[in-house]
Amino acid sequence: MTPLDALAFLCECAMVVILVLAGHGLGDGVLGWGVGVFLALVAIGIWAQWMAPTSARRLDNPLRLVVQIALFVVVALYAAAGGLWVTGLVFAVIASAVFVARSRTDF
């Protein structure tokens with residue numbers, strides 16, 4: 001595992017945390033946490049199905065990179081809707097840059 005791979009994994013983990021927090025911002029109390037967990041589980045499912053290195057259905061680059069960046073933008077939009085627009089914007093920019101750099105070795 002290279003340092004870039006480790007940074008990519010941290011971005012994946014940050015995506016899940018941001019979605020949980022964004023969901024909490026979208027609703028009150030337990031409902032908000034439930035929305036956040038649901039959003040995180042959907043993102044995990046998408047990632048496991050089409051982006052995970054061990055997935056049988058893993059997309060080939062450059063399509064995988066396009067879907068990853070689209071997912072990061074959607075996470076940023078949910079974060080903005082939940083009141084975390086700065087966090088969402090910073091996340092989308094950093095995660096996109098990391099995965100663009102990482103995908104350059106996959107082409």
Side-chain angles (χ1 to χ4, degrees):
M1 178 180 269
T2 67
L4 194 56
D5 291 335
L7 190 55
F9 180 71
L10 287 176
C11 288
E12 294 168 28
C13 294
M15 175 175 60
V16 172
V17 171
I18 289 170
L19 283 171
V20 171
L21 294 175
H24 178 63
L26 292 171
D28 293 330
V30 175
L31 177 63
W33 289 115
V35 169
V37 169
F38 174 75
L39 291 173
L41 289 175
V42 169
I44 290 168
I46 291 170
W47 199 271
Q49 194 68 216
W50 293 301
M51 269 74 86
T54 58
S55 173
R57 295 182 182 94
R58 187 176 195 206
L59 298 173
D60 293 326
N61 268 327
L63 180 60
R64 183 174 66 239
L65 179 62
V66 170
V67 173
Q68 287 169 334
I69 291 173
L71 185 60
F72 299 149
V73 169
V74 169
V75 169
L77 292 173
Y78 272 111
L84 304 169
W85 68 271
V86 173
T87 304
L89 180 64
V90 169
F91 165 76
V93 169
I94 291 173
S96 296
V98 167
F99 278 86
V100 165
R102 189 169 176 241
S103 72
R104 294 185 72 180
T105 62
D106 291 343
F107 281 112

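Side-chain heavy-atom separations under 4.5 angstrom define the hydrophobic clusters, and Val66 shares its cluster with no other residue. Listed by chain and number, the hydrophobic cluster partners of Phe9 come to none, as no ILVMFWY side chain reaches under 4.5 Å of it.
By the ring-ring contact (aromatic ring centres under 6.0 Å, His included) test, Trp33 pairs with His24, sequence neighbours left out. Qualifying side-chain contact (heavy atoms from CB on, under 4.5 Å) partners for Val17, counting only residues two or more places apart in sequence or in other chains: Leu21. Residues passing the side-chain contact (heavy atoms from CB on, under 4.5 Å) test with Leu4, sequence neighbours excluded: Thr2, Val98, Ala101, Arg102. Val42 meets the side-chain contact (heavy atoms from CB on, under 4.5 Å) test with Phe38, Ile46; sequence neighbours excluded. Applying the side-chain contact (heavy atoms from CB on, under 4.5 Å) test to Ala92 and every residue at least two apart in sequence or in another chain returns Ala76.
Hydrophobic cluster membership differs between Val30 and Leu41, with clusters built from Ile, Leu, Val, Met, Phe, Trp and Tyr side chains linked at under 4.5 angstrom. Each of Leu71 and Val37 belongs to its own hydrophobic cluster when Ile, Leu, Val, Met, Phe, Trp and Tyr are linked at side-chain heavy-atom distances under 4.5 angstrom. No continuous path of ILVMFWY side-chain contacts below 4.5 Å connects Val67 to Ile44, so the two sit in separate hydrophobic clusters. Each of Val16 and Val73 belongs to its own hydrophobic cluster when Ile, Leu, Val, Met, Phe, Trp and Tyr are linked at side-chain heavy-atom distances under 4.5 angstrom. Under a hydrophobic-cluster definition in which Ile, Leu, Val, Met, Phe, Trp and Tyr are linked whenever side-chain heavy atoms come within less than 4.5 Å, directly or via other members, Val86 and Val20 are assigned to different clusters.
Note that CE of Met15 and CG of Leu39 are 11.5 Å apart. Values are rounded to the nearest 0.5 Å. Taking OG from Ser103 and CG from Asn61, the interatomic distance works out to 5.0 Å, rounded to the nearest 0.5 Å.
The two residues Cys11 and Ala95 make their nearest non-hydrogen contact at SG-CA, 3.9 Å. Across all non-hydrogen atoms, the minimal contact from Ala79 to Ile18 is CB-CG2, 3.8 Å.
Arg58 contributes a side-chain N or O that, together with a main-chain N or O of Met51, makes up a donor-acceptor pair within less than 3.5 Å.
Other residues, nucleotides and ligands place more than 12 heavy atoms under 6.0 Å from the CH2 atom of Trp47.
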Report the C-alpha separation of Ile69 and Val100 in whole Å, then their side-chain angles, then the decisive distance to 0.1 Å, and conclude whether the side chain to side chain contact (heavy atoms under 4.5 Å, CB included) test is met.
CA-CA 9 Å; Ile69 291 173; Val100 165; 3.9 Å; yes
Could you go through the side chain to side chain contact (heavy atoms under 4.5 Å, CB included) check for Phe99 and Glu12 one step at a time?
CA-CA 10 Å; Phe99 278 86; Glu12 294 168 28; 3.7 Å; yes
Checking side chain to side chain contact (heavy atoms under 4.5 Å, CB included) for the pair Phe91/Leu84: CA distance, chi angles, key distance, verdict?
CA-CA 10 Å; Phe91 165 76; Leu84 304 169; over 6 Å; no
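Listed by first and then second residue, the side-chain hydrogen bond (donor to acceptor under 3.5 Å, both in side chains) pairs that reach into residues 77-90 come to none, sequence neighbours excluded.
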